[in-house]
Amino acid sequence: MRDLDWTPDELSQDILNWYDRNARSMPWRIGPKERTTGTAPDPYRVWMSEIMLQQTTVAAVVSYFERFTRRWPTVSALAAAQDTDVMGEWAGLGYYARARNLLKCARVIVTEYDGVFPDTYDELLTLPGVGPYTAAAVASIAFDRPETVLDGNVERVMSRLHDIHTPLPGVKPELKRLAGDLTPNARPGDYAQAVMDLGATICTPKSPACGLCPWRLPCKARKTGTAPELPRKTPKKPKPTRYGIVYIAQSKSGDWLLERRPDSGLLGGMLGWPGSDWTDAPNPAPPFAAQWRELKAEVRHTFTHFHLILAVQYAEFPADFSPGSPYEVISLRDFRVSDLPTVMRKAYDLYRLP
DNA sequence: GATTCGTGGAA
DNA sequence: TTTCCAAGAAT
């Protein structure tokens, strides 16, 4: 690197040595022994983990990854799954378009690729739910190709290593170029994971542990003392508050009345309670006429771009009441609260545990 | 390029 | 309590 007094080879070697001593164990990773013997991890598991890890912490992903791979051990098994089963298993992890694309992608792999994942960046990039980051991650980690991953960790590490003050997201192409200059031809997958591990454990957003960093000597932001304030980002808009009403109805025999949300948009494809729109002044929309009663407590929930306050109303519905789509009557035996997205589970908890 | 799309943990 | 933000992709 012209600005660093270290060669790319020296830098990548330093962090690979650090990784060999400090790699965290994760269910989708292979052990240190098979790593050095050239054994590659299962592309299906690498792909699954990378989809789940999009904007999601390792701690949140682990149990979901275990459940998914136990229930659907191969891409063929996943491709044959029911849509509603996959959505229910994803419930609580968020960003539900990922689950819809996960299933879509598995079916493309089976029908278009004979059940075998493609091994190039360009082919991976065409798959549903696979963008520039995930294509590079799968190509490097599962197929040993020298592609460059650029996620939030790499952005932070590169902006500090080179002391870049230009704000994101505009500076992304330059960070990608700088990251690419460091990507080695040998063990590119381990290198990618090493930089991300470094960002997650040492080069953290707040109070980075520079004293423990394998790049503490070359790092320019550490010299200047600007590391904790990098990377700079363009300011984000404040979140408005919206309001809504949900209707919880149960028959005498215990059947619940739920609603399957449309495939696109917020919580797309997920099961939930019937309800109003979520606006400044919501329009009441009870699923049937009854003496609806209201809980004293409200649901408070924050999505990516707005706060939500939900009033919870409840009533009994007749056993012979059988509404059509999008409503679904689910028996007490078949109902799993874990199939609901978190905001809907909060409403259930308020109703069920007063 | 700007928006939309979840959730939970940490400071 | 509020803000930040985490191994981003689709539109």
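In this text the structure is predicted, and so the values were computed from the model without any measurement. Letters A, B, ... mirror the listed sequences (proteins, then strands); counts begin at 1.
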Spacing of L267(A) atom CG relative to dC5(B) atom C1', expressed in whole Å: 9 Å
If I take atom CG in residue L150(A) and atom P in nucleotide dA6(C), what distance separates them, rounded to the nearest angstrom? 13 Å
Does OP1 or OP2 of dG1(B) have a side-chain N or O of K172(A) closer than 4.0 Å? no
The ring-ring contact (aromatic ring centres under 6.0 Å, His included) partner of W90(A) among W72(A), Y64(A), F68(A), Y95(A) is F68(A)
Base, sugar-phosphate or nothing for M270(A)? Non-hydrogen atoms, less than 4.0 Å. nothing
Is P169(A) touching bases, backbone alone, or none of the nucleic acid, heavy atoms closer than 4.0 Å? nothing
Does a side-chain N or O of R156(A) approach OP1 or OP2 of dA6(C) to a distance below 4.0 Å, or not? yes
Could you check which of dC5(B), dG8(C), dC5(C) has an atom nearest any side-chain atom of Y133(A)? dG8(C)
Proximity to the side chain of P341(A) - top-ranked nucleotide from dC5(B), dA10(C), dT7(B): dT7(B)
Is the backbone of R222(A) close enough, under 3.5 Å, to the side chain of T226(A) for a donor and an acceptor to pair up by distance? no
Would you please indicate yes or no on a ring centroid separation below 6.0 angstrom for F303(A) and W278(A)? yes
Using a 4.0 Å heavy-atom cut-off, does R100(A) contact any base of the nucleic acid, only the sugar-phosphate backbone, or nothing at all? nothing
Using a 4.0 Å heavy-atom cut-off, does R261(A) contact any base of the nucleic acid, only the sugar-phosphate backbone, or nothing at all? nothing
Taking the basic N atoms (NZ, or NE/NH1/NH2) and the acidic carboxylate oxygens, is any pair closer than 4.0 Å for R71(A) and D85(A)? yes
Atom-pair distance (CD on E89(A); P on dG6(B)), nearest Å: 18 Å
5' priority, DNA chain C, between G129(A) and M26(A) [closest heavy atom]: M26(A)
Is the distance between the ring centroids of W28(A) and F65(A) under 6.0 Å? yes
Calculate the interatomic distance between L102(A) atom CG and dC5(B) atom P; express it in whole Å. 20 Å
Closest nucleotide among dT7(B), dA10(C), dG8(C) to the F303(A) side chain: dT7(B)
Report the distance from atom CZ of R300(A) to atom P of dT7(B), rounded to the nearest whole Å. 17 Å
Start at the 5' end of DNA chain B and walk down; is the nucleotide closest to K237(A) or to Y95(A) reached first? K237(A)
Go through the side-chain N and O atoms of S253(A) and S251(A) and say whether any donor and acceptor fall under 3.5 Å apart. yes
Any side-chain N or O of H305(A) under 4.0 Å from OP1/OP2 of dC5(B)? yes
Whole Å only: how far is the CG atom of L124(A) from the P atom of dG8(C)? 17 Å
For nucleotides 8-11 of chain B, list the nitrogen or oxygen atoms of the protein found under 3.5 Å from its nitrogen or oxygen atoms, one pair per line.
none

May I ask you to say whether R45(A) pairs ionically with D42(A), meaning some side-chain N is under 4.0 Å from a carboxylate O? no
Look at the side chain of T304(A) against the base of dG6(B) and say whether a donor-acceptor pair falls under 3.5 Å; ignore hydrogens and angles. yes
Taking CZ from R98(A) and P from dA10(C), how many angstroms apart are they, rounded to a whole number? 12 Å
Heavy-atom side-chain proximity of F321(A) to L257(A) below 4.5 angstrom: yes
Side chain of P132(A) only, please: which of dG6(B), dA9(C), dC5(C) is the nearest? dA9(C)
Gap in Å between the two P atoms, one belonging to dG6(B) and one to dT11(C), rounded: 14 Å
Selected nucleotide, minimal atom distance to L266(A) side chain, candidates dA10(C), dC5(B), dC5(C): dC5(B)
Under 4.0 Å from OP1 or OP2 of dG8(C): is there any side-chain N or O of Q55(A) that close? yes
What contact category does V149(A) fall into here, base, sugar-phosphate, or nothing, at under 4.0 angstrom with non-hydrogen atoms? nothing
For G268(A), answer base if it contacts any base atom (sugar-phosphate contacts may also be present), sugar-phosphate if it contacts only those atoms, and nothing otherwise; contact means non-hydrogen atoms under 4.0 Å. nothing
On DNA chain C, compare the nucleotides closest to P128(A) and R24(A); which residue's is nearer the 5' end? R24(A)
Under 4.0 angstrom, heavy atoms only, what part of the nucleic acid is L93(A) near: base, sugar-phosphate, or nothing? base
Are the ring centres of W18(A) and W215(A) closer than 6.0 Å? no
Atom OH of Y96(A) and atom P of dG8(C) are separated, to the nearest Å, by 17 Å
